[in-house]
Protein chains: 2
Amino acid sequence: MTDMTETTETSDATETTQLDIAEVSHRAGVPASTLRYYEEKGLISSTGRRGLRRQYDPGVLERLALIALGRTAGFSLDEIADMFAPDGRPRIDRGMLAAKADELDHRIRELGVLRDSLRHAAACPAPSHLECPTFRRLLDAAASGGVAAPGRRIPGR
Amino acid sequence: MTDMTETTETSDATETTQLDIAEVSHRAGVPASTLRYYEEKGLISSTGRRGLRRQYDPGVLERLALIALGRTAGFSLDEIADMFAPDGRPRIDRGMLAAKADELDHRIRELGVLRDSLRHAAACPAPSHLECPTFRRLLDAAASGGVAAPGRRIPGR
DNA sequence: GTTCTACTTCAAGTCGACTTGAAGTCAAGA
DNA sequence: TCTTGACTTCAAGTCGACTTGAAGTAGAAC
């Protein structure tokens, strides 16, 4: 949403800087239905219509990237929505970023332990996993919540 | 979380060390409703009833630990159900474990990049994140799916 | 014997992020 | 001008893992 564009926008010059929803969908790799959904949630906005079709400012691509980034960092759409100031410019709380980084760090360590254990179990010669000491240790950890309390969301992918 | 209160062994001896659902719920840290749900899904089974109340074999605790483990590794309940042979003994495909480990590994690396970038952005002196080169690089990566395509499930928490 | 209470069943609700379906609209091409 | 087909709206559906609520039951305490 940096200004700059919006130059000669004569109606006949079809050379609009505006992007059709299909174009945005294609370029961002996001279904049109999702774009409408995001708009409804206030995450993005269309600049106008051509007929019924939504038109977007090219800046929407950046915004979608920002949204995608937030999603992969584990933010909910609502959280992401809060990251944009009313004027549309991103306003990201640095403290929040740091907190999320710490969270990720923790999660990463957990997953590391898990990965190593899984690998061990995969190679372990014990006839049954239940007889493998490493596996049992993992089990105990999981049982006591040592690895990751199965709260609500799950990491896996 | 060890023995103790090994059920009031009152009444008839040979109470077979069966655990009441409340006991299992408490020891495993899993709500009774979840135990019923798991049973319905075929993930665990009760050995009988005392009145209406379900009774469980102590082995169910280990099984629940196994389930918790699978959950934190990112397996769905259905996948976990498939990990038990019809006889109830775990039958974990080592190849599957290895595959999951690889998956985790990949995810871990993604999250690592993300964490580093978040940390940088949090400390970055650029007036706006959009002007921070590192942040922009991250954005581009997210936009091109380089970090993690926001498929269906999200890693977060 | 009565009451208390923790269990029981079954159906339905929840949550987040979308997707899907039906019915309608409109710019562009034949 | 008419047809086409990609868009539009709005409501409802989906998915996974549970949770919640209503109505019922039985063992244990009194």
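The analysis underlying the following values was restricted to heavy atoms, covering all of them including side chains, and did not include hydrogens, waters or symmetry mates. A, B, ... follow the sequence lines: proteins, then strands. Residue 1 opens every chain.
- One can place CG of B:L43 at 14 Å from P of D:dG16, the figure rounded to the nearest angstrom.
- Distance CD (B:E39) to C1' (D:dA17): 17 Å, rounded to an integer number of Å.
- Counting non-hydrogen atoms under 4.0 angstrom, A:S33 reaches a base of the nucleic acid.
- Using a 4.0 Å cut-off, no side-chain N or O of B:Y38 falls inside it from OP1 or OP2 of D:dA17.
- Here the nucleotide nearest the side chain of A:R71, chosen from C:dC7, C:dA17, C:dT8, is C:dA17.
- With rounding to whole Å, A:Y37 atom OH is found 17 Å from D:dT14 atom P.
- When the side-chain nitrogen and oxygen atoms of B:T34 are compared with OP1 and OP2 of D:dT19, one or more of them lie within a distance under 4.0 Å.
- Between A:D78 and B:A32, it is B:A32 whose nearest contact on DNA chain C lies nearer the 5' terminus.
- Candidate nucleotides D:dC7, C:dT9, C:dC18 were compared by shortest atom distance to the side chain of A:I21, and D:dC7 ranks first.
- When distances run from any side-chain atom of B:P31 to the nucleotides D:dT19, C:dT8, C:dT19, the shortest one goes to D:dT19.
- Using modelled atom types, one side-chain atom of B:R94 and one backbone atom of A:C124 make a donor-acceptor pair closer than 3.5 Å.
- Whole-Å rounding puts the A:E23 CD to D:dA6 P distance at 16 Å.
- Every residue two or more places apart in sequence or in another chain was checked for a ring pair (Phe, Tyr, Trp, His ring centres under 6.0 Å) with B:H120, and none qualifies.
- Backbone-only contact: B:A22 has heavy atoms under 4.0 Å from sugar-phosphate atoms and none from a base.
- A donor-acceptor pair under 3.5 Å is formed between the side chain of B:S117 and the backbone N or O of B:V113.
- Separating the CZ atom of B:R36 from the C1' atom of C:dA12 is a distance of 16 Å, rounded to the nearest angstrom.
- Which of D:dA17, C:dT25, C:dC7 sits closest to the side chain of B:R53 comes down to C:dC7.
- Distance B:K41 NZ to D:dG16 C1': 7 Å, rounded to the nearest Å.
- The CG-C1' distance, from B:L77 to D:dC18, rounds to 9 Å in whole Å.
- No side-chain heavy atom of A:L19 sits under 4.5 Å from any side-chain heavy atom of A:Q55.
- A donor-acceptor pair is defined here as one N or O able to donate and one able to accept, closer than 3.5 Å; such a pair exists between the side chain of A:E79 and the backbone of A:S76.
- Checking D:dT8, D:dT19, D:dC7 against the side-chain heavy atoms of A:D20 singles out D:dC7 as nearest.
- If you check D:dG27, C:dC18, D:dT19 against the side chain of B:R50, the one that comes closest is D:dG27.
- Listed nucleotides: C:dT8, C:dA27, D:dA17. Nearest to the side chain of B:S76: D:dA17.
- Of the candidate nucleotides D:dT9, C:dT9, D:dT19, D:dT9 has the atom nearest to the side chain of A:R49.
- Rounded to whole Å, atom P of D:dC18 lies 11 Å from atom CG of B:L35.
- When distances run from any side-chain atom of B:R54 to the nucleotides C:dT9, D:dT9, C:dC7, the shortest one goes to C:dT9.
- Qualifying side chain to side chain donor-acceptor pair (under 3.5 Å) partners for B:E39, counting only residues two or more places apart in sequence or in other chains: B:S46, B:R54, B:Y56.
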